[in-house]
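Chain naming here is simple, since letters A, B, ... match the order of the sequence lines and numbering starts at 1 in each.
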Protein chains: 2
Amino acid sequence: MSVQSSHGHTHAKGPQSLRLTKGAKKVLEVLERTEELSSAQDIHVALRSEEESPPGLTTVYRSLESLVQFGLVQAVDFGDGERRYEMVKPGEHHHHLVCEKCRDSVHLDQCLVQQLEESIQAKYKFEVRGHILEIFGLCENCQNAMAATGKK
Amino acid sequence: MSVQSSHGHTHAKGPQSLRLTKGAKKVLEVLERTEELSSAQDIHVALRSEEESPPGLTTVYRSLESLVQFGLVQAVDFGDGERRYEMVKPGEHHHHLVCEKCRDSVHLDQCLVQQLEESIQAKYKFEVRGHILEIFGLCENCQNAMAATGKK
DNA sequence: TGGCAAATGAAAACCGTTTTCACTACTGAA
DNA sequence: TTCAGTAGTGAAAACGGTTTTCATTTGCCA
């Protein structure tokens, strides 16, 4: 897949040929320097605080969609009704530990599911194309905080 | 945790003592005889087609919430904006293969993450309390259908 | 039976996301 | 360089699942 600049007339006939639009570049910049996962609205807020004429929310959503198609960004869903995004480091694929208390998340360094896929494929004749795995619980800090206050 | 009937005055002081309300029972009945995952709206539709005075959507949502708290039902989120629910068979914990085409889902017979939890706990000092793992792809039928029509 | 808290339903509020539509910006061709 | 056409953008509206509000009903208990 080739990534080209915005507004180029490509004569590619793909469903939609992918371009890196201006807005998408700004979105990507935010994600590049953000350690944690960001929601579309997070990104929008960030852009508004630093750009003179920041892209609107709509454009942020659209940019994220195409960045995901590019494979530059991956969407992560914790099932709390708000999708989050992060840069894809090439060749990396990983999951998160999400603290239920402070919502901080930690990357697990590699994909824990890969080795399962083959056996699933064989056993169920199911063509695996993707998966979500997110692990919830309490980070060390919150464990301590709760122990201190006696809350459960 | 004790499950009691609706409207009972329990003198338990828990945050909210859990009761199995009339609406929740009906919701549970639907889930009991449903093989696939059901959304709140699925359940509501099912109830409307078979009850003289079916619980409203609001009640279905509230029932599901408490059934999840009871531990009788688990919520599953595929990240498509619609939460689904299923009965928890005691002691069972599993994940799903979800076909991206027809949305059918197959239960995996056991939890694939359990053995990971210990090592995560040790390595990250993270207290694991739960996780989501759902695997997406194409079921055998849809693979064949696509092969037949040449679609990709 | 009367009182009261819990349960319920309808409608409205919510909130993240998507769609619509008018307008702007860019590009390639003439 | 201008023109035409297409892609990108933003504001506002639409959407859809879920939650909240609030008035009403239900059923337990004294």
Side-chain angles (χ1 to χ4, degrees), chain A residues 3-28 37-45 47-48 51-70 73 75-85 103, chain B residues 3-28 37-45 47-48 51-70 73 75-85 103:
Chain A
V3 173
Q4 2 182 163
S5 230
S6 176
H7 284 288
H9 276 199
T10 75
H11 297 285
K13 69 300 329 250
Q16 66 278 41
S17 64
L18 299 176
R19 294 187 195 78
L20 233 210
T21 66
K22 202 178 301 185
K25 276 181 195 149
K26 292 184 186 169
V27 168
L28 196 57
L37 297 162
S38 310
S39 67
Q41 326 237 10
D42 290 343
I43 295 166
H44 185 224
V45 168
L47 286 170
R48 274 207 294 180
E51 297 265 339
E52 340 62 60
S53 64
L57 226 205
T58 314
T59 297
V60 172
Y61 276 109
R62 282 192 280 233
S63 300
L64 286 169
E65 188 188 342
S66 54
L67 289 169
V68 168
Q69 287 195 309
F70 279 130
V73 164
V76 176
D77 204 305
F78 295 163
D80 69 343
E82 192 172 15
R83 218 169 297 153
R84 284 144 229 257
Y85 299 84
R103 282 278 143 188
Chain B
V3 173
Q4 359 182 166
S5 230
S6 176
H7 284 286
H9 278 199
T10 76
H11 297 285
K13 68 305 322 255
Q16 65 277 41
S17 62
L18 301 175
R19 294 185 197 78
L20 233 210
T21 66
K22 200 178 304 185
K25 276 180 194 149
K26 292 183 186 171
V27 168
L28 196 57
L37 297 162
S38 311
S39 68
Q41 324 237 11
D42 290 342
I43 295 167
H44 185 225
V45 168
L47 286 170
R48 275 205 294 180
E51 296 266 338
E52 339 63 59
S53 65
L57 226 204
T58 315
T59 298
V60 171
Y61 276 108
R62 283 190 281 232
S63 300
L64 286 168
E65 188 188 343
S66 55
L67 289 169
V68 169
Q69 287 194 309
F70 279 130
V73 164
V76 176
D77 204 304
F78 297 163
D80 69 344
E82 190 173 17
R83 217 169 297 153
R84 283 145 228 254
Y85 300 84
R103 282 281 141 188

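The side chain of B:Lys22 contributes an N or O atom lying less than 4.0 Å from OP1 or OP2 of D:dG27. Using a 4.0 Å cut-off, no side-chain N or O of B:Thr21 falls inside it from OP1 or OP2 of C:dA7.
Closest of all the heavy-atom pairs between A:Leu47 and A:Pro54 is O-CB, 3.6 Å. For the residue pair B:Leu57 and B:Ala40, the shortest heavy atom distance occurs at CD2-O, 4.3 Å. Nearest approach of A:Lys26 to A:Pro55, heavy atoms of both residues: CD-CD, 3.9 Å.
Rounded to a whole Å, the CG atom of B:Asp42 is 14 Å from the C1' atom of D:dG16. Atom C1' of nucleotide C:dT17 and atom CG of A:Asp80 are separated by 14 Å, given to the nearest angstrom. For B:Glu52 and C:dT8, the CD to C1' distance is 16 Å, given to the nearest whole Å. Here C:dC26 presents its C1' atom at 12 Å from NZ of A:Lys25, a figure rounded to the nearest Å. Atom CG of B:Asp77 is separated from atom C1' of D:dG16 by 14 Å (rounded to the nearest Å). If you measure from atom CZ of A:Arg48 to atom P of D:dG10, you get 12 Å, rounded to the nearest angstrom.
Taking B:Arg84 as the reference, B:Asp80, B:Glu82 meet the salt bridge (Lys or Arg N to Asp or Glu O under 4.0 Å) condition, with sequence neighbours excluded. With sequence neighbours excluded, the residues forming a side-chain contact (heavy atoms from CB on, under 4.5 Å) with A:Ser38 are A:Leu31, A:Thr34, A:Asp42, A:Ile43, listed by chain and number.
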N/O-N/O pairs, protein side and nucleotides 18-20 of chain D side, under 3.5 Å:
from	atom 1	to	atom 2	distance (Å)
D:dT18	OP1	B:Arg83	N	3.0
D:dT18	OP2	B:Tyr61	OH	2.4
D:dT18	O5'	B:Tyr61	OH	3.3

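Side-chain contact between A:Leu37 and A:Phe78 is present, with heavy atoms from C-beta onward closer than 4.5 Å.
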